[in-house]
Amino acid sequence: DGGHFWVDTDGESNETLGTNDADDYFLFGREKAFVDVMGHHGNDFQLTGALWIELNRLTDELVVRGEFVCIPGYEWSANTAVGGDRNVHYRREGETIHRSSHAQIADPTDMVDEESDAHTAHELFEKLKGKDCVVLAHIGGRYADITFAHDEALEAAVEVHSAWGTFEWVVRDAFEKNFRVGIVANSDGHKGRPGACYPGASFFGSMGGLTCFLSPRLDRDAIFECMRRRHHYATTGNLMLLDVSAGFASDAELFHRNPDIGPCTSETVRRVIMGDIARVADDEVELDIEVAGSAPIERLDIFDGLDLIETIRPYGETDLGSRLRMIYEGAEYRGRSRTTVWDGDLTVTGNGIVTASMLNNWNLDRGIREQAAGRLAWKAVTTGNFGGLGLAMQDRTAGRIAVRTPHVEAEIPISDFGLEDMIFKAGGLDRSLKFYRLPDRLSETRIAHRMSVAVAAGRDTRLFVRVTQEDGHRAWSSPIYLFR
């Protein structure tokens, strides 16, 4: 029961590294982007004592009961070698800010609290113990290294997407370490547009993300409980509706906190939702997924942790038409200069291009630069996310396409394009070029899918989904964690 509430807690204003002042920042999110929950997370090494007091005043005064929630917090902005960026969310105003450093704070009066600094993520978690707060692992310029430091009691989720790109690798890191975390997305925008953050002509390669909280109420108490129980999903900025649950034939024990870190309350249930941790008696569970997209749905990928267990498409082989997709994706590496350049061209022989369009081209200084029936040239980048080209061909199967990019060159018979991806690995971080075929028109914006899933013995079964829309937007549910 409850609602879907849209959240962007990580962005900056001009007082640190952004555009417009903090008051304008919050008002844009509330009045223009219509987000339900907001925060302001300036770099801690730029956050003066006076600004911290002002931000706390704003998060208290701008709340609209039942309509809009502000959360006080900041970005702990240390280099990756000592833990990397973390977003700290406080339940109440007036808490101490534990900076990674005072590196860009020049006023001597601001040095009086230097003793409260936390120079490593381990020190941060130690100083935050006992405080009413939630930490998220943030992937910005100084990406969070959860393999170096992670506190299961404090750090509730990892960030899969922001204006910096897409970071599925941090979810894999969590699974490999057997952490029980949720999945979030934020903008980390620097343009004063929380909740509707577009990169424009800049080194950011994506639209800013959003998190949707599944909460019974829109108030700070309910939102914090939602964060701590991982009842949320992440999107690349679209307003897709997503529900994932698991049903049991026998009674299961649902834990209100992670039982691995200490005693906690629990209840007996026959169904759990995304983010929940439960002990089950059944060998199999029924996984139920409902999606209402903001555009036609292209595919639904279902995972158990690191393993893809099924892909659902609302179409089949017999529905495929003359529309082709070329997808480029990935990054150079995890750090700040992760951008991969995909500038390239393609030529067509024995067929012709009727129409061509770019997918996920968020930078106005890039896009299609040359187009004819037999040739296409473009400029594009990815930063861990994906982009691509959509081509409608004159003939469904005739001819060949030759593609040149800095990382992959390929020549493919058009008749080879099919339902499944043809994948050309391209080094770097999850970098590849993919080719497949679509129906001439996609119209299905809703999917309801039920399947039986085996519960593993001796480890967590970690069930989550990734939804991809025709327009290039995506969503990721927080995992359901089941064990026997």
Side-chain angles (χ1 to χ4, degrees), residues 2-9 11 28-38 159-163 165-166 168 182-189 193-200 204-215 218 231-245 273-274 288-302 311-315 323 325 327 329 357-363 382 384-390 438-449 464-478:
H4 289 64
F5 299 110
W6 293 97
V7 181
D8 186 1
T9 60
F28 181 93
R30 190 181 74 180
E31 308 293 339
K32 303 296 184 184
F34 304 111
V35 293
D36 301 302
V37 182
M38 279 189 66
E159 184 178 66
V160 74
H161 182 86
S162 73
T166 298
E168 291 186 317
I183 299 176
V184 297
N186 287 295
S187 67
D188 194 21
R193 298 175 55 92
C197 178
Y198 298 86
F204 289 105
S206 300
M207 181 179 176
L210 292 168
T211 302
C212 186
F213 283 5
L214 309 179
S215 176
L218 184 54
H231 289 168
H232 47 69
Y233 61 92
T235 82
T236 54
N238 62 312
L239 304 182
M240 183 189 308
L241 298 181
L242 175 62
D243 284 297
V244 181
S245 64
I273 67 170
M274 65 177 76
D288 286 293
I289 305 155
E290 293 186 63
V291 187
S294 57
I297 296 166
E298 187 177 298
R299 65 183 74 185
L300 165 67
D301 296 314
I302 303 165
T311 295
I312 304 298
R313 297 177 177 87
Y315 56 89
R323 196 154 60 115
R325 276 272 166 96
I327 298 296
E329 64 182 354
S357 59
M358 294 284 286
L359 188 69
N360 283 345
N361 178 42
W362 299 110
N363 304 109
T382 57
N385 55 325
F386 76 93
L389 291 165
L438 287 174
D440 289 332
R441 182 173 178 270
L442 290 178
S443 60
E444 187 57 67
T445 59
R446 292 177 176 267
I447 288 181
H449 181 68
F464 77 103
V465 306
R466 178 182 64 203
V467 186
T468 303
Q469 295 186 162
E470 181 186 25
D471 63 1
H473 277 297
R474 273 182 165 170
W476 298 260
S477 68
S478 288

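This one's a predicted model, so the numbers in the text were calculated from it and none came from an experiment.
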Measure the shortest side-chain to side-chain distance between [X] and [Y] over non-hydrogen atoms and say whether it is less than 4.5 angstrom.
X: Glu329; Y: Asn385; value: no
X: Met274; Y: Phe464; value: no
X: Leu442; Y: Arg323; value: yes
X: Val291; Y: Met240; value: yes
X: Ile289; Y: Ile447; value: no
X: Met207; Y: His473; value: yes
X: Val467; Y: Tyr233; value: no

Spacing of [X] atom [atom1] and [Y] atom [atom2] [to the nearest 0.5 Å]:
X: Ile327; Y: Thr382; atom1: CD1; atom2: OG1; value: 11.0 Å
X: Cys212; Y: Leu241; atom1: SG; atom2: CG; value: 6.5 Å
X: Leu359; Y: Leu389; atom1: CG; atom2: CG; value: 8.5 Å
X: His161; Y: Leu210; atom1: NE2; atom2: CG; value: 9.0 Å

Inset, instruction - Could you please spell out the steps behind the side chain to side chain contact (heavy atoms under 4.5 Å, CB included) verdict for Thr166 and Phe386? - result: CA-CA 8 Å; Thr166 298; Phe386 76 93; over 6 Å; no

Inset, instruction - Specify the closest pair of heavy atoms between Ser478 and Gly182, including all atoms of both residues, with the distance to one decimal. - result: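 Nearest heavy atoms, Ser478 then Gly182: OG-CA, 3.4 Å.
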
Once side chain to side chain donor-acceptor pair (under 3.5 Å) is applied, do any residues pair with [X], and if so which ones, sequence neighbours excluded?
X: Arg325; result: Glu298
X: Thr445; result: none
X: Arg474; result: Thr468

Legend entry - Test side-chain hydrogen bond (donor to acceptor under 3.5 Å, both in side chains) applied to Asn186 and Ser162, step by step: CA-CA 5 Å; Asn186 287 295; Ser162 73; over 6 Å; no

Main chain of [Y], side chain of [X]: is a donor-acceptor contact present, judged purely on distance under 3.5 Å?
X: Thr235; Y: Asn238; value: yes
X: Asp8; Y: Pro194; value: no
X: Ser206; Y: Gly208; value: no

Legend entry - Residue list, ring pair (Phe, Tyr, Trp, His ring centres under 6.0 Å) with Phe213, at least two apart or on another chain: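 Partners of Phe213 under the ring pair (Phe, Tyr, Trp, His ring centres under 6.0 Å) test: His232.
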
Inset, instruction - Could you pull out all residues at least two apart from His4 that satisfy ring pair (Phe, Tyr, Trp, His ring centres under 6.0 Å)? - result: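 With neighbours one apart ignored, the set is empty.
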
Inset, instruction - Using the side chain to side chain contact (heavy atoms under 4.5 Å, CB included) rule, take Thr236 and Trp476 through it: C-alpha gap first, then chi angles, then the decisive distance, then the call. - result: CA-CA 9 Å; Thr236 54; Trp476 298 260; 3.7 Å; yes

Inset, instruction - Please determine which of Ile273, Val465, Ile302, Leu214 meets the side chain to side chain contact (heavy atoms under 4.5 Å, CB included) test together with Ser477. - result: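 When side chain to side chain contact (heavy atoms under 4.5 Å, CB included) is applied between Ser477 and each of Ile273, Val465, Ile302, Leu214, only Val465 qualifies.
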
Inset, instruction - Tell me, please, which residues at least two apart from Asp243 pass salt bridge (Lys or Arg N to Asp or Glu O under 4.0 Å). - result: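 With neighbours one apart ignored, the set is empty.
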
